[in-house]
Amino acid sequence: MGKRIWVHWVIMALHVVAIVIFTRGFLLTRTELPFYSNCSDVLQSPCSFSVNENQNQNQNDTVDQNQQRCWSKPAIGRLVIIVFDALRFDFVAPSTFFQESKPWMDKLQFVQDLAAKNASSARIFKAIADPPTTSLQRLKGLTTGGLPTFIDVGNSFGAPAIVEDNLIHQLAKNGKRVVMMGDDTWMQLFPNHFEKSFPYPSFNVRDLDTVDNGCIEHLLPFLHQEDWDVLIAHFLGVDHAGHIFGVDSVQMIEKLEQYNSILQKVVEALESQSAPGGLHENTLLLVMGDHGQTVNGDHGGGSAEEVETSIFAVSFKNPPSPLPSEFDTSSCGLDLGRRNICFSSIHQLDFAVTVSALLGIPFPFGSIGRVNPQLYALGAGTWNFEDSVGNYQNKSKLEEWMLNYANVLCTNSWQVKRYIDIYSASSVIGFSNEDLLHIASMYAKAEEKWSHTTQKLLLHKKESHNELLPALRRQIDLYSEFLASVAELARSKWTEFNLKMMGTGLGIMLISLLIHFLAIKKVKEQYGFSFTSSGDSGISFGLILSCFMVVIRACSFLSNSFILEEGKVACFLLATTALVKMRYSIMKKKMILEAFVFLLLITICRFTIEVGLSKQAPSSEFMNAYPSWMLRIAAGFPIWNFVAEALPVVALILLAFLLREAITRSSSKGIWKYIIMGTNLSYMLIAVHWASESDRLNLAWVLKGTGRSYIPRLIYAIGFGQLLLLTFNQLFSKRKSSDHSNLLYIKTVAMFSAWSSTIIILLGKQGPWVALAFIIGGYCIMRLDNIELDVKDGGSWNRMLDPVPITQWSLFAVCLFFCTGHWCAFDGLRYGAAFIGFEEFLLVPQAILLTMDTFGFSLILPIFGVPFLVACMGQSEKGKKFILTRLYLVYMIYGLIMATSVTATIICVTMHRRHLMVWGLFAPKFVFDVAGLILTDVLVCLASHYYFSQVEDDALQDLSTKNKKP
């Protein structure tokens, strides 16, 4: 079989080429135009506020040069932006706004106090982000005013500098001094834009305080300095606390209380200097999140918890600008103190253009957002309009506000229309002609209204006083409808899908499936294997059942609901095959116990996925799933807490015992026993590591400081050493073995031992239980595969290949993926696992650890464990000769099942490329599946080289020669 390993490499090469080509067509980034907005650009607009008009103003105007109008008159002088990463909306809003009060609510009490006492100058906003909700994409969206495409998620660990026009670029270009402190992602996105910067490393999610303490150290002193115009402080404690401990945790509540205290000090510092002539007389404070997070602290998807964050805006002007009731969309309610608190809504898409309008700088060239009326009115304060459209001293405040906002929306709409026109002309695909005509029609209608109606009314205001307000309202509505239409169009059709490349990639995937099938057919016929017990070339019930299971799972990807419930679907299909095996066992009165245990194990997996045992924080939803009487028993017996700490260690001991017994029974000596000894040592170190981290055992003093990182690193080193030892043994050991089945069995146990310790420590205390489930499930699948074989005596049974156990093995691996707390979304990645043993961020080793944590029990161990299905079949002497051919076919069928599922995913994302949830659900599913397929191909190739030695291959070659003789 060694000479046939090249087939695996060819298939892998085809998969890589197909995926790269398809990805280039499906996940294309939108065209980033190399254009930047300038102050003089607005001369081309039909709007009243222009540079030309401003330059013809009264030359005796004493307004400071920094306050001169560019695209709009500056409404604020300074801006303080405080970003609390992963700030959920219910962290800010009163608990009475929600159906159920949670422990993390009402911790930012100072924010609620300001919103209740100073409703005209302090406002809570529900900010809606566009998925995917990774920090890089949200920062890019906030500063560019565009919709970053999905492929940017891949750069979350190495953010490239933003080259398209953005808010930070416009600030620096127009003389605004920007100071940044906190998350170093800002430095990667904007490397040369800050007057001063104090970045701190952001990827160590176990560090809750370094970034926050750095922000606190610099933030308060800068509030008393004059050498800045925009100050940005990005805190990370809440995000990291969520990733490690979950939202419902003591650490999260402590962080929120700390932020409450920080905000109180910041507002006090600003208020103390906000008197007329003071440093912060014209300062706006924005406290905001870049995205939300789920209860278990994850983000990246498109659920309401992840896309809903908050902006809290405080203006220190007195009085603020009045907002017409028809433009105020606030929702109000009473808090716990029976005070009335209102909140508004804003799309993060609108943030860049709204801030630009308030600061009086050009809007980012590629922004498609709308100047938000509530946030703009709160920041605008009082206005003097006599220099804009004429000397009308008796204007009402309502007319002043609406006239100014209409002018700003006019500039806003003109800028968006300019961008859409240039984008469509520059882009290869762009928007359709029908869409462009619709947009052009809406804009022409609004522009005609402005040019021929509204401006004439302004010039003859005294004669048309009663008509002015309705005209301004209609003008604002037209601009708003145009901007909303563009944003909706961009969200639905932003990505430029290259259907030719997508079709080419899909075609190559189909070719790889054909090669897979032909390779299986050729080897099966060459060595006389069959899917039926009679040895003919017919179609067996097992083959039909396996194909049906694979097709059903593939078809489930057509529905977003089934993708969300993928783990449950896999459990259901696996249980179906288990019921079929149980029927056989009952009919033949053999292995009934194994069939029952396997069904019970599937039921436990199903329950684990349903309740979210490993996904939720320990104090979160899983604990709430227990009946109250169980919690009372646990509370009444403190010993239960120690039992919970000890059970994973007991599972480790049982696992070590099983591995030792496996090697002992095989009568193996030499290198294999040393592999097991290394694994037992690693298991002991894992137990010591867990004990040192236990709050109940109070053993943290044993390993102080960086010493806590040494044990995980030592475990990694032992595992790596075991793999090297197995590699050298494979390369240089030429010892022949007459018992191929036993040798294959020993190799499989040794490989499991080498990988298991690292995967277990990454998964945490659930690791030993999942490992035991893996062994028990594999044993049951292997034993149930022998039901028919045990009742036959010789004949053609040793050449029978039943695909059902291989299908069960594949489905079981999928179930374990979801049982271990993972799912096909970026918020399903357990980033904390990458920092076990590391305090700082190192891309390569931590990417490897994250991969092992994510795919350890779903790909790595199942693929290296496939020989269990072959080595433990209890075959006769004649059957031993076919063992490696059988293993080769098993690997080919396993790979075919994986490739078929991924091909189905590719077909589904092609069909649903315009689906509402394409970026929030289908695209993450595609990324996880293709990454899993490539990893599967690599592991199958490596496993083939490991299990198919030259000596064994020679034996098979002799067998093949004998079969050809008459």
Side-chain angles (χ1 to χ4, degrees), residues 529-536 538-550 552-553 568-608 658 661-662 665 741 745 748 772-816 819 862 865-876 879 882-883 886-887 889-890 893-894 897:
F529 278 84
S530 172
F531 292 123
T532 63
S533 58
S534 60
D536 56 31
I539 299 177
S540 66
F541 174 76
L543 179 61
I544 296 175
L545 178 63
S546 297
C547 292
F548 184 71
M549 294 295 104
V550 173
I552 289 294
R553 181 166 183 262
K568 299 177 184 177
V569 172
C571 278
F572 172 78
L573 297 177
L574 182 59
T576 303
T577 62
L579 287 172
V580 172
K581 288 293 184 179
M582 174 169 276
R583 175 178 174 273
Y584 274 124
S585 65
I586 293 175
M587 291 174 56
K588 300 181 182 299
K589 298 180 181 180
K590 288 181 177 292
M591 304 179 193
I592 298 177
L593 177 62
E594 286 87 343
F596 176 77
V597 170
F598 190 44
L599 272 176
L600 179 62
L601 182 63
I602 297 172
T603 304
I604 295 174
C605 289
R606 176 65 174 78
F607 173 77
T608 303
L658 291 177
E661 285 296 306
R665 288 186 180 183
S741 177
Y745 172 77
T748 308
L772 287 175
F774 174 79
I775 292 176
I776 295 172
Y779 175 78
C780 292
I781 293 174
M782 177 269 298
R783 288 288 293 160
L784 292 173
D785 186 25
N786 292 340
I787 293 178
E788 291 191 35
L789 306 186
D790 283 353
V791 298
K792 296 185 180 292
D793 184 18
S796 61
W797 69 264
N798 51 44
R799 300 188 186 187
M800 175 187 171
L801 182 65
D802 186 2
V804 173
I806 310 171
T807 306
Q808 289 179 317
W809 192 263
S810 175
L811 291 173
F812 187 49
V814 175
C815 292
L816 291 180
C819 288
V866 161
F868 274 127
L869 300 179
V870 177
C872 302
M873 296 186 67
Q875 299 184 28
S876 65
F882 293 86
I883 189 168
R886 184 185 296 276
L887 178 59
L889 289 172
V890 169
I893 295 174
Y894 187 90
I897 293 173

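Just so we're clear, the structure is a prediction, and the values are computed from it rather than from any experiment. Throughout, numbering of the chain's residues begins at 1 and tracks the sequence. Computed from heavy atoms alone, side chains included, the values below leave out hydrogens, waters and symmetry copies.
Residues Val890 and Leu801 form a side-chain contact, since some pair of their non-hydrogen atoms from C-beta on lies under 4.5 Å apart. Under the 4.5 Å side-chain criterion, counting only non-hydrogen atoms from C-beta, Ile781 is not in contact with Phe868. Looking at Val580 and Val804, their side chains never come closer than 4.5 Å, going by heavy atoms from C-beta outward. Taking the side chain as every heavy atom from C-beta outward, Leu889 and Ile806 never approach each other to under 4.5 Å.
The list of salt bridge (Lys or Arg N to Asp or Glu O under 4.0 Å) pairs with a residue in residues 570-579, not counting sequence neighbours, is empty. Listed by first and then second residue, the salt bridge (Lys or Arg N to Asp or Glu O under 4.0 Å) pairs that reach into residues 575-586 are Lys581-Asp802, sequence neighbours excluded.
Closest approach of Gly777 to Phe598, counting heavy atoms only: O-CE1, 4.1 Å. In plain terms, the two heavy atoms of Cys815 and Ala570 that are nearest each other are SG-C, 3.8 Å. Taking each heavy atom of Thr608 and Cys819 in turn, the nearest pair found is CG2-O, 3.8 Å. Residues Thr748 and Gly865 share a closest heavy-atom pair of CG2-CA, 3.9 Å. When all heavy atoms of Cys571 and Ile602 are compared, the pair lying nearest together is O-CG2, 3.7 Å. Taking every heavy atom of both residues into account, Tyr745 and Ala662 meet most closely at OH-CB, 3.3 Å.
The CG atom of Leu545 sits 7.5 Å away from the OG1 atom of Thr807 when rounded to the nearest 0.5 Å. Here CG of Leu574 is found 4.5 Å from OG1 of Thr577. Values are rounded to the nearest 0.5 Å. Rounded to the nearest 0.5 angstrom, Arg783 CZ and Glu594 CD are separated by 5.0 Å. From Met591, atom CE reaches atom OH of Tyr584 across 14.0 Å, with rounding to the nearest 0.5 Å. To the nearest 0.5 Å, atom CD1 of residue Ile897 and atom OH of residue Tyr894 are 8.5 Å apart. For the atom pair SG of Cys605 and CG of Leu600, the computed distance is 10.0 Å after rounding to the nearest 0.5 Å.
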Using the rule given for side-chain contact (heavy atoms from CB on, under 4.5 Å), can you reason through Leu601 versus Phe812, listing the C-alpha separation, both sets of side-chain angles and the distance that settles it, and then say yes or no? CA-CA 10 Å; Leu601 182 63; Phe812 187 49; 3.8 Å; yes
Given side-chain contact (heavy atoms from CB on, under 4.5 Å), test Tyr779 with Val597 step by step and report yes or no. CA-CA 10 Å; Tyr779 175 78; Val597 170; over 6 Å; no
side-chain contact (heavy atoms from CB on, under 4.5 Å) between Leu772 and Leu658: does it pass, once the steps are laid out? CA-CA 9 Å; Leu772 287 175; Leu658 291 177; 3.9 Å; yes
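A search for ring-ring contact (aromatic ring centres under 6.0 Å, His included) contacts involving Phe774 returns Phe752, Trp809, not counting sequence neighbours.
In this structure a side-chain-to-backbone donor-acceptor pair under 3.5 Å is present from Ser585 to Met582.
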